Number of protein chains: 2
Amino acid sequence: MRPGYTEETTLAPAAQCPDCKRINEVLSRVGDRWSVLIVVSLSQYGKLRFNELKRNLGISQRMLSLTLRELERDGLVSRTYFPTIPPKVEYALTPLGESFKEPVKQLALWALGNLSEIDNARRHYDDAQQAASEPA
Amino acid sequence: MRPGYTEETTLAPAAQCPDCKRINEVLSRVGDRWSVLIVVSLSQYGKLRFNELKRNLGISQRMLSLTLRELERDGLVSRTYFPTIPPKVEYALTPLGESFKEPVKQLALWALGNLSEIDNARRHYDDAQQAASEPA
DNA sequence: CGGTATCCGCCCAGATACTG
DNA sequence: CAGTATCTGGGCGGATACCG
């Protein structure tokens, strides 16, 4: 569970079905913007150095550092440090990270295959809203 | 970085690979905490009323309203209003929403199947950190 | 019941500066 | 190169109050 998660205030924990809770748990962890992009990048390139990731993703140093640490902590990404001068660090997917590629790929394929339909639905919705607010 | 690329302080859009950008786009939209839980709930129960969703998910009225509107706008969820007294509104998945169930299910299965491994990795990582900071 | 409007705290994430 | 530390504000999301 990431820091931002609201650990119940006055509301019920998260969901009646325990599965929903756990699904949400893992999605909160690995489903955020940068985690997915990092996994996708690493799955494409195999190994990447810190600044290679930074350049590829257009991510700030801070978020890259934080997200990589979290991914390493969760066992999805491995970190290999070479004490050369200058230093060199390589990030790669662990077997667990590799196993995550497939579900992500499914999601990505769905996304790519349905984005246009989503865009259409959105235009349609916006037009309807527009028409409703401009009855003149 | 391409030669002509201006070293602007604001970051590059999101990613060098256009696919990453779109993947991120759709994940930003439907990958958030509440959207996924709503889709999962609707896929389990078929149709749900506003307050049924609210109770099931432990979501605030505001976020439920906002998220449902966004899902409806994106064509994933249908909204049916019954002008009875008291009013009644039913939410359900559209065909597009139904098609989203499968990728989500894959992700959920991966999550459920690997959560314990993630927890193990995390404990291992935390222990190592603890040992490193307590050399006494 | 099914929302909308408003206020507000708190976290996320970018910018910047500094270190090994 | 590969980070860490600190500041800051913008936005997400909960609480509350109020309408149809």
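Model, not experiment: these values are computed from the prediction. We name chains A, B, ... by the order of the sequence lines, and we start the count at 1 in each one.
Following rounding to the nearest Å, B:Lys54 (NZ) and C:dC1 (C1') show an atom-to-atom distance of 12 Å. When the P atom of C:dG2 is taken as reference, atom CG of B:Leu57 falls 14 Å away, rounded to whole Å. Atom pair B:Leu64:CG and D:dC12:P shows a separation of 17 Å (rounding to whole Å applied). Atom pair B:Leu48:CG and C:dC1:C1' shows a separation of 15 Å (rounding to whole Å applied). Going from atom CD of A:Glu70 over to atom P of C:dC12 covers 11 Å, rounded to whole Å. B:Phe82 places its CZ atom 18 Å from the C1' atom of D:dG20, with the value rounded to the nearest Å. Rounded to whole Å, the distance from CE on B:Met63 to P on D:dG11 is 14 Å. Across the protein-nucleic acid pair, A:Ile38 atom CD1 and C:dA13 atom C1' stand 14 Å apart, rounded to whole Å.
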Yes or no on salt bridge (Lys or Arg N to Asp or Glu O under 4.0 Å) for B:Arg69 and B:Glu72, after CA distance, side-chain angles and deciding distance?
CA-CA 5 Å; B:Arg69 195 189 305 156; B:Glu72 188 195 357; over 6 Å; no

Going through the distances and angles, do B:Asn56 and B:Tyr45 end up as a side-chain contact (heavy atoms from CB on, under 4.5 Å)?
CA-CA 11 Å; B:Asn56 281 339; B:Tyr45 294 98; 4.3 Å; yes

Show your working on side-chain contact (heavy atoms from CB on, under 4.5 Å) between A:Tyr125 and A:Gln129 and close with a plain yes or no.
CA-CA 6 Å; A:Tyr125 182 92; A:Gln129 295 301 102; 3.6 Å; yes

Reading nucleotides 2-9 of chain D from the 5' end, what letters show protein touch, with B for base, S for backbone sugar-phosphate only, - for no heavy atom under 4.0 Å?
SBB-B---

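Each of B:Leu76, B:Leu93, B:Leu48, B:Leu71 was compared with B:Ile38 under the side-chain contact (heavy atoms from CB on, under 4.5 Å) criterion, and only B:Leu71 meets it.
With contacts defined as side-chain heavy-atom distances shorter than 4.5 Å, the pair A:Leu107/B:Gln106 does not qualify. At least one side-chain heavy atom of B:Leu68 sits less than 4.5 Å from a side-chain heavy atom of B:Leu53.
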